[in-house]
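By convention in this document, chain letters (A, B, ...) are assigned in the order of the sequence lines, proteins followed by strands, and residues within each chain are numbered from 1.
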2 protein chains.
Amino acid sequence: MSLSHALLGLLAIEPASGYELSKEFERDLGRYAWQAGHTSVYPELIRMTEQGLVEVTHEGARRSRTYAVTDKGREELRSWLLAPWGQGVVRNEQVLRLFLLEALEPDETVTALRDLVEHAEGRISELRRLREEQDAEPRQGRDTLGQLAAEYGLRQYQATHDWALWAIEHVNRRQGSDSA
Amino acid sequence: MSLSHALLGLLAIEPASGYELSKEFERDLGRYAWQAGHTSVYPELIRMTEQGLVEVTHEGARRSRTYAVTDKGREELRSWLLAPWGQGVVRNEQVLRLFLLEALEPDETVTALRDLVEHAEGRISELRRLREEQDAEPRQGRDTLGQLAAEYGLRQYQATHDWALWAIEHVNRRQGSDSA
DNA sequence: GCGAGACCTGCCAAAGATGACATGTAAGAT
DNA sequence: ATCTTACATGTCATCTTTGGCAGGTCTCGC
C-alpha cells in the first residue's frame, strides 16, 4: 500500500504527528500526488508502529504523538523508492478523461480541450510562483514541495498545455477535411 | 466513481461485452489511465443497467451479453467529460515517488533518476511505434489508443525524461557545492 | 473424439478508502 | 468569562477494489 510509503517518506524528511501528516495531504502533496484523510492516517500509523516501521518519539499537549521512522522503516522506504518504475497500480482520472475525450462530438472535444488549456495555465503560474519563492528563500523540510517536485509539475503541465493546443488543431483539421 | 465513466466511455465508442471491456483494462487503457479487473467490471455493469445508464442489446454465445450506452448514459458521460478539470481524487504512485525522492541520499536519488530516464525512454519508443502504426493504417474503435491519447502519452514521457536529466544535473550541482 | 486454450460470467472474503459522527484541549479575541 | 477556532485523535458504517476460487462454452488442432 502506498499510503504507508507516503507516511514513511514524510517522516523521513522530518518527524511529525498524525495531525501534521494529515495536513500535508491537503497541501501540494494531496493536490498533485496522493490524497488521504485523517481517518486513514491515524489507523495506518498504528499499524506501522506494530510493524516496527515507525515509532512514537514524543507525546505532547492535547494527546499528540510525534512519530519518527525506524531503521526498518527507512530501509522499507529506500527499497520502495529504488524499485523499478512503472509497476504500481495506475488510476488517474485526468488521463482517463483524455483517453475518452474522443467519445464527444468534435466541437465539444474542442471545448473540453480549451478548458484544459486554461486549467493548465493556472497550474503553471501557480508552480512558477512557488519556484520563485523557493529560489528566493530556500527552505528545509516539508512545508513546501521539493524543488525537484515543483519543477516536475511545471514541466508536466507545460507538456499538457502544449498538447492540448496541438489537439485542438488536430481535431479542427480532421473536422475540416471531413466536411471538405 | 470513475469505473462507471470508463465503461460509459468505452461503450460510447462501441458496444461490447463485459469480457471485452475487461480486456481493455489490460491494454493501453489499463497501462496508462485506469485499471480494473473483471470482478469489478461485471457487477458494475449490472449496477449501471439498474441505473439506466447502459442496456443489454444482445445475448450471444457462451452467455455473453453485449451492452450499449443509453441516452441517459450518454448524457452522464458528456457531463463528466465536460466538467471542470482538476477536481477528482489524485492518487498517483509515480508522482508520489518523485515527491519523496529527496528523502534518499543524493547518490541514490541519482540512481533512481537514471532508472527513470531509461523507463521513460522505453515508453517513448513504445508510443512512437504506436503512433507510426496509427499513421500507417488509421483504425476506428477501441482496439488501440486514440491518436490524441497516444500523442499525450508521448509528450508526458518526453517531459518526464527531460526533467529527470535536469534533476540529475541539479542534484549533482547541489552535492558539488556542498562539498566545495 | 479429445484435450488445450480462449471465451465469458460469476461469488466471496479480505483489504482499503470515505464521510459522518464524536470528543476533548489549548490559545487568542472580545 | 465566554466564544470561536485550530489542534489532535478516534469510531463506525458503507462502499470500492482485489484476488482466490469456481464453472460452463465454443473452437481448433491432433
Round to the nearest Å and state the distance from [X] atom [atom1] to [N] atom [atom2].
X        : N       : atom1 : atom2 : answer
Lys23(A) : dA8(D)  : NZ    : C1'   : 10 Å
Leu45(B) : dT17(D) : CG    : C1'   : 16 Å
Arg47(B) : dC15(D) : CZ    : P     : 10 Å
Arg63(A) : dA8(D)  : CZ    : P     : 11 Å
Leu3(B)  : dC15(D) : CG    : P     : 16 Å
Glu20(A) : dA6(D)  : CD    : C1'   : 13 Å
Glu24(A) : dC7(D)  : CD    : P     : 13 Å

From the 5' end of DNA chain C to its 3' end, which nucleotides mark the outer limits of contact with chain B, defined by a 4.0 Å heavy-atom distance cut-off (strictly under)?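 Endpoints of the contacted stretch of DNA chain C: dC7(C) to dT18(C).
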Indicate whether OP1 or OP2 belonging to dT9(D) is found under 4.0 Å from a side-chain N or O atom of Tyr19(A).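 Checking Tyr19(A) against dT9(D): no side-chain N or O falls below 4.0 Å of OP1 or OP2.
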Looking only at heavy atoms, which two atoms of Thr160(B) and Gln156(A) are closest? And how far apart?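 That would be OG1-NE2, 2.9 Å.
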Minimum heavy-atom separation for Leu8(B) to Leu53(B), with atom names?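 Shortest heavy-atom contact: CD2-O, 4.0 Å.
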May I have the step-by-step check of side-chain contact (heavy atoms from CB on, under 4.5 Å) for Gln134(B) and Arg129(B), ending in yes or no? CA-CA 9 Å; Gln134(B) 283 177 350; Arg129(B) 205 175 328 117; over 6 Å; no
For the residue pair Tyr157(B) and His119(B), categorise the inter-ring angle as parallel (less than 30°), tilted (30 to 60°) or perpendicular (more than 60°).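 Perpendicular: the ring planes of Tyr157(B) and His119(B) meet at over 60°.
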